[in-house]
Protein chains: 2
Amino acid sequence: MAVHDAQFVHQECSDCPIRHRAVCARCDADELGKLEQIKFYRSYQAGQPVIWSGDRMDFVGSVVTGIATLTQTMEDGRRQMVGLLLPSDFVGRPGRASAAYDVTATTDLVMCCFRKKPFEEMMLATPHIGQRLLEMTLDELDAAREWMLLLGRKTAREKIASLLAIIARRDAALKLRSPKGALVFDLPLTREEMADYLGLTLETVSRQVSALKRDDVISLEGNRHVTVPDFDRLLEEAGDDNDGGYLV
Amino acid sequence: MAVHDAQFVHQECSDCPIRHRAVCARCDADELGKLEQIKFYRSYQAGQPVIWSGDRMDFVGSVVTGIATLTQTMEDGRRQMVGLLLPSDFVGRPGRASAAYDVTATTDLVMCCFRKKPFEEMMLATPHIGQRLLEMTLDELDAAREWMLLLGRKTAREKIASLLAIIARRDAALKLRSPKGALVFDLPLTREEMADYLGLTLETVSRQVSALKRDDVISLEGNRHVTVPDFDRLLEEAGDDNDGGYLV
DNA sequence: GCTTTCGTTTGATCTGCATCAAAGTCAGTG
DNA sequence: CACTGACTTTGATGCAGATCAAACGAAAGC
């Protein structure tokens with residue numbers, strides 16, 4: 001996705017991801033100028049909550065740098081991550097007053113925000129923004145559905161391989177390289193966060209990561225630094241037939 | 001959802017769900033007229049495929065009567081349902097050439113369709129349609145994320161109770177009643193289809209349905225006809241904290 | 001009426017992952 | 001440098017749900 005969008009980054013655009021993602025592809029100077037006037041930035045430290053489920057949410061925005069997660073929690077504490085927000089991903093829902101999920105910064109995070117009211121007014125006045133938002137939402141929906149297959153039917157080993165493949169792909173995309181041959185990247189998640197994403201326990205995650213290492217599907221340096229010698233092998237382990245694959 | 005949308009059904013509107021769902025809320029005569037000119041109907045028998053994943057999909061549409069499912073399948077045959085389409089739900093993605101999922105009619109099905117090209121042109125010309133589509137897509141995304149929690153973290157019994165609650169709610173909504181007290185409805189799915197939706201085997205589904213019956217959470221007449229004496233009890237069994245709940 | 005077929009139920013057994021428990025690694029800090 | 005706390009790994013054991021297997025009930029065809 002990021003590769004795709006990079007084609008649309010204009011000289012006129014600043015670092016604000018809304019402009020890249022929601023507008024740039026078909027932007028004109030007026031729209032950009034208007035967005036520029038109402039935007040502002042927010043920073044969060046690693047581990048800090050951005051917003052809790054149920055809280056009033058009077059802004060929308062997108063990630064500039066860092067990583068945030070969307071999670072749902074049951075009363076007894078069981079947690080399921082339902083989204084992973086990487087740079088350029090959008091947060092918040094136009095037309096909804098309160099947050100539906102817990103949003104947490106897992107690394108230091110900078111977001112580019114717009115107060116909801118003026119943003120919604122702009123959306124009405126500027127169809128391009130709404131259209132771009134629809135595209136992004138449809139992508140997220142596809143990602144969520146692919147994740148449903150993972151959660152419902154894949155084994156622990158396949159889940160781990162899938163997550164690694166997705167992170168590898170996103171990482172390669174950010175570096176504007178295609179994910180073939182040897183890939184090197186850092187895991188942006190702890191074992192526990194991986195477990196919350198995959199519907200597993202952290203112990204199982206640890207065991208399966210070790211197993212993939214033992215079987216030379218990956219190699220590890222420290223806990224986080226991963227090398228994937230053969231990306232196709234990893235995809236095979238992931239049980240993926242398709243090679244689309246999103247991470248939202 | 002259907003209750004909500006019923007408020008917007010105008011006298012001028014025909015039975016075409018696109019008009020209800022995508023346009024009616026804020027429709028004007030011109031838009032309706034234009035949509036009316038390009039729409040057509042398709043019928044499918046129970047069990048018939050609507051489209052296979054990967055096939056060219058040159059239309060979009062929505063369900064008028066009957067029920068369809070979206071499923072993903074892995075090479076080795078493991079299947080996961082990722083959507084359940086009830087009357088008024090939308091199928092197809094503007095801007096995508098081929099289907100991403102298998103769509104199957106589980107009952108006799110009538111769909112109201114539009115060829116993709118003219119529909120997309122109308123979307124560009126008529127921002128209301130795009131905005132309504134964005135709302136619907138965001139609802140589906142919420143439903144998918146709630147389903148991720150179910151698939152990743154709920155027990156088999158909770159999964160069954162959740163599915164029954166969702167079907168009961170949707171059924172009550174179609175009858176314009178609020179889902180309290182005793183509810184009676186027919187399951188639109190076989191045990192196997194329920195299993196595919198819940199990430200279980202059909203045997204486990206059968207056992208857990210029997211268990212809920214034994215514990216008087218539900219009663220059954222035949223295999224399909226369900227009575228829920230106490231909806232709140234069912235929600236409790238489902239482990240649901242929220243009482244939103246979508247079924248897409 | 002009998003047989004076939006499809007969906008379902010129920011029983012016996014197995015297994016992948018959860019759970020419980022302990023110990024190892026590493027960065028930060030007094 | 002030892003101490004602390006966060007994160008991770010590894011081991012032992014238990015159990016929810018999968019798998020394998022058989023039988024049941026109802027509808028459809030002959």
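So that the names make sense, note that chain A is the first sequence line, chain B the second, and so on, each numbered from 1.
Atom-to-atom distance recorded for A:Phe59:CZ and A:Cys112:SG is 11.5 Å, nearest 0.5 angstrom. For the atom pair CG of B:Leu138 and OG1 of A:Thr137, the computed distance is 4.5 Å after rounding to the nearest 0.5 Å. Atom CG of A:Leu85 and atom CD of A:Glu140 lie 7.5 Å apart (nearest 0.5 Å). The CZ atom of B:Arg145 lies 9.0 Å from the CG atom of A:Leu141; values are rounded to the nearest 0.5 Å.
If you check every strand for non-hydrogen atoms under 4.0 Å, A:Gly47 touches nothing. B:Thr190 comes within 4.0 angstrom of the backbone, heavy atoms only, and of no base. When heavy atoms are screened at a 4.0 angstrom cut-off, A:Leu202 is found touching base atoms of the nucleic acid.
What separates CG of A:Leu220 from P of D:dT10 is a distance of 11 Å, to the nearest Å. Rounding to whole angstrom units, CD of residue A:Glu193 and P of D:dA6 are separated by 15 Å. To the nearest angstrom, P of D:dT8 lies 9 Å from CD of A:Glu192. The separation between A:Met194 atom CE and D:dT9 atom P is 9 Å, rounded to whole Å. Counting to the nearest Å, the P atom of D:dT8 and the NE2 atom of A:His225 are 16 Å from each other.
Considering B:Thr69, B:Leu86, B:Thr106, B:Ile167 as possible partners of B:Pro188, the one that fulfils the side-chain contact (heavy atoms from CB on, under 4.5 Å) test is B:Ile167.
Heavy-atom distances under 4.0 Å link DNA chain D to B:Thr155, B:Ala156 of residues 152-159 of chain B, given in residue order.
Put simply, the side chain of A:Asp142 reaches to within 4.5 Å of the side chain of B:Tyr101, judged on heavy atoms. Counting heavy atoms from C-beta on, the side chains of A:Leu164 and A:Phe231 never come closer than 4.5 Å. B:Asp186 has its side chain out of reach of B:Val226: every pair of non-hydrogen atoms, C-beta onward, lies at least 4.5 Å apart. In this structure, the side chains of A:Glu193 and A:Met81 come closer than 4.5 Å at one or more pairs of heavy atoms.
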Can you give each donor-acceptor pair under 3.5 Å made by side-chain atoms of residues 152-162 of chain B, sequence neighbours left out, with the distance rounded to 0.1 Å?
| residue | atom | partner | partner atom | Å |
| --- | --- | --- | --- | --- |
| B:Arg153 | NE | A:Arg79 | O | 2.6 |
| B:Arg153 | NH1 | A:Leu200 | O | 3.1 |
| B:Arg153 | NH2 | A:Ala195 | O | 3.1 |
| B:Arg153 | NH2 | A:Asp196 | OD1 | 3.3 |
| B:Arg153 | NH2 | A:Leu200 | O | 3.0 |
| B:Lys154 | NZ | B:Ser162 | OG | 3.0 |
| B:Lys154 | NZ | B:Ala238 | O | 3.0 |
| B:Lys154 | NZ | B:Asp240 | OD1 | 2.9 |
| B:Thr155 | OG1 | B:Glu158 | N | 3.3 |
| B:Thr155 | OG1 | B:Glu158 | OE1 | 3.3 |
| B:Arg157 | NH1 | B:Glu237 | OE1 | 2.8 |
| B:Arg157 | NH1 | B:Glu237 | OE2 | 3.0 |
| B:Arg157 | NH2 | B:Asp215 | OD2 | 2.2 |
| B:Glu158 | OE1 | A:Arg78 | NH1 | 2.8 |
| B:Glu158 | OE1 | A:Arg78 | NH2 | 3.4 |
| B:Glu158 | OE1 | B:Thr155 | N | 2.9 |
| B:Glu158 | OE2 | A:Arg78 | NH2 | 2.8 |
| B:Lys159 | NZ | B:Leu198 | O | 3.0 |
| B:Ser162 | OG | B:Glu158 | O | 2.8 |
| B:Ser162 | OG | B:Ala238 | O | 3.4 |

Let me have the donor-acceptor pairs involving side chains of residues 42-51 of chain A, under 3.5 Å, with sequence neighbours excluded, atom names and distances please.
| residue | atom | partner | partner atom | Å |
| --- | --- | --- | --- | --- |
| A:Gln48 | OE1 | A:Gln45 | N | 2.6 |

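Both B:Ser206 and A:Thr204 sit near DNA chain C, but only B:Ser206 has its closest nucleotide nearer the 5' end. Nearest-nucleotide positions on DNA chain D place A:Arg224 closer to the 5' end than the other of B:Gln208 and A:Arg224.
Among all heavy-atom pairs drawn from B:Pro87 and B:Gly66, the shortest one is CD-O, 3.4 Å.
Across its full length, the helix from C:dG1-D:dC30 to C:dG30-D:dC1 shows an angle of 20° between the axes of its 5 terminal pairs at either end, rounded to 10 degrees.
Chain B approaches DNA chain C within less than 4.0 angstrom (heavy atoms of the protein), and the contacting nucleotides run 5' to 3' from C:dT8 to C:dA12.
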Step by step, work out the salt bridge (charged side-chain N to carboxylate O under 4.0 Å, His left out) result for A:Arg93 and B:Asp139. CA-CA 10 Å; A:Arg93 170 170 174 168; B:Asp139 283 342; 3.0 Å; yes
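At least one donor-acceptor pair closer than 3.5 Å links the side chain of A:Trp147 to the backbone N or O of A:Tyr197.
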Protein-nucleotides 20-25 of chain D N/O pairs under 3.5 Å:
| residue | atom | partner | partner atom | Å |
| --- | --- | --- | --- | --- |
| D:dC20 | N4 | B:Glu203 | OE2 | 3.2 |

